[in-house]
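Accompanying notes for the structure given below.
One-based numbering, in listed order, for ligands and for the atoms of each.
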Amino acid sequence: MTAIWRNTLTLAGAATLSLGIAYAQSPDLSDPPAIEGEVVGDHGSHTLRMGIGLAESSPQYLSSQYFADILEQRTDGRITVDIFPNSQLGDDVQMMEMLQTGSLDMTYPSSSPATTYVEELAVFDLPFLLPNREAAIAVMQSDTAQRMLDGFEGSGIKALAFSENGYRQLSNSARPVESPEDVAGLDVSGLTIRTMENPVHLSIWKTLGANPTPMAFGELFSAMEQGVVDGQENPWSTILTSNFHEVQDYGSETRHVYTPFIMMISERTWERMAPEYQELVQEAARQSAEYEIQLATEYDDWSREQLEEKGMQITRLDDEQIAAFQEAVQPVYDEWAPKIGEDLIAEIQEIVESSSIQ
Ligand code: TK8
């Protein structure tokens with residue numbers, strides 16, 4: 001972990017969460033695939049504590065529940081997983097640290113706060129890099145991505161699988177945003193946009209002329225409620241299942257970054273498990289990640305419609321408007337491409353090009 005990344009990041013205070021009741025309704029979601037395979041041998045019992053950031057109705061939680069069900073069924077109840085949603089146990093950064101010390105078994109953060117462990121992950125933070133979901137999935141399931149997961153080795157964290165957080169959309173409580181100028185306009189009136197704890201995201205919003213501030217997800221709802229921050233950016237499903245529409249009137253379909261989630265386990269917990277259990281945990285992580293991507297896909301447009309029904313004014317940007325944002329953030333590439341690595345970016349762009357749909 002080199003100084004360049006540590007210096008750039010400022011860590012938010014402990015997460016306090018007031019999300020209120022999770023959003024009950026959900027789209028006609030696909031049921032999880034049937035759990036197949038033999039019950040594995042008896043290598044003792046494990047109760048895994050898993051902390052996640054999002055609400056019970058989120059694709060992140062539902063797929064984690066599927067992960068738990070696979071382990072319980074395939075071990076005849078010898079491995080159980082207790083899931084703690086809504087950042088109850090801390091934010092992404094804190095929970096990764098808890099995996100390192102062994103005070104938590106599993107977590108499921110966004111890739112962005114994990115760039116302090118594996119710098120290559122920052123490639124996912126470059127704006128407009130992944131034009132569509134097919135390209136994103138092709139990248140997440142590539143050898144390049146597997147190399148990033150392997151990059152955690154020796155850090156105290158074992159990274160098991162990528163899944164989808166999703167395409168990030170801007171929301172704010174001040175006005176509709178249709179152009180980079182509108183974003184810059186947000187700053188003129190001193191409005192603040194919350195970002196994840198990640199230097200590339202800070203650069204994106206600074207470059208667009210906003211006034212960005214990094215903050216833990218668990219603090220975001222109350223910070224918006226109290227007017228500490230005026231805007232934020234997340235996938236529609238997170239905005240809906242975290243009830244952000246209660247404190248955000250405007251949304252803009254910027255799709256400016258596709259953020260993955262990474263399912264992780266503490267290396268200490270992993271090393272306490274028999275090889276057959278390790279194999280099963282890895283398999284279950286991949287299966288639940290595939291299911292999570294499916295759920296996140298089904299939630300995306302549906303959540304946007306729900307938010308509009310709940311009164312959020314959502315601006316859909318046309319190709320020309322998106323192109324204006326792409327042009328406006330070009331300086332982010334100039335700043336970060338040399339640090340992230342031109343070769344890595346080229347590797348990802350090649351996967352994107354070869355993925356079926358352009
Ligand atoms: C939840 C976070 C969240 C992320 C963010 O723990 O912080 O805005 O998008 O999903 O990982």
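- By the 3.5 Å distance cut-off applied to N or O atoms, Glu233 is not counted among the residues near ligand 1.
- For Phe128 and Tyr167, the ring centers are positioned 6.0 Å apart or more.
- Summarising the contacts of atom 10 (O) of ligand 1 with Thr259, Asn165, Ile52, Asp91, the nearest heavy atom is found in Asn165.
- Every atom of ligand 1 is numbered from 1 in the order shown, and the set under 4.0 Å from a heavy atom of Ser110 is 2 (C), 3 (C), 4 (C), 9 (O), 10 (O), 11 (O).
- A distance of 8.0 Å separates OG1 of Thr144 from CD of Glu120, quoted to the nearest 0.5 Å.
- Within the 4.0 Å heavy-atom criterion, the part of Arg168 lying near ligand 1 is the side chain and not the backbone.
- The backbone N or O of Gln100 sits less than 3.5 Å from a side-chain atom of Arg268, completing a donor-acceptor pair.
- Within ligand 1, counting atoms from 1 as listed, the ones closer than 4.0 Å to a heavy atom of Gly53 are 1 (C), 6 (O).
- Close approach of ligand 1 to Phe261 is summarised as follows: ligand atoms under 4.0 Å from at least one heavy atom of the residue are 10 (O), 11 (O).
- Checked by distance only, ligand 1 and Arg194 come closer than 3.5 Å through their nitrogen or oxygen atoms.
- Under the side-chain hydrogen bond (donor to acceptor under 3.5 Å, both in side chains) test applied with His256, the options Arg168, Glu233, Gln326 reduce to a single match, Glu233.
- The closest approach between a heavy atom of Tyr108 and any atom of ligand 1 is not below 4.0 Å.
- In this structure, Thr75 contributes its side chain and Ile79 its backbone to a donor-acceptor pair below 3.5 Å.
- The heavy atom nearest to atom 6 (O) of ligand 1, out of those in Asn86, Asn234, Asp92, is found in Asp92.
- Less than 6.0 angstrom separates the ring centroid of Phe244 from the ring centroid of Phe217.
- For an aromatic pair to be called close, the ring centres must be under 6.0 Å apart, and Trp236 with His245 fails this.
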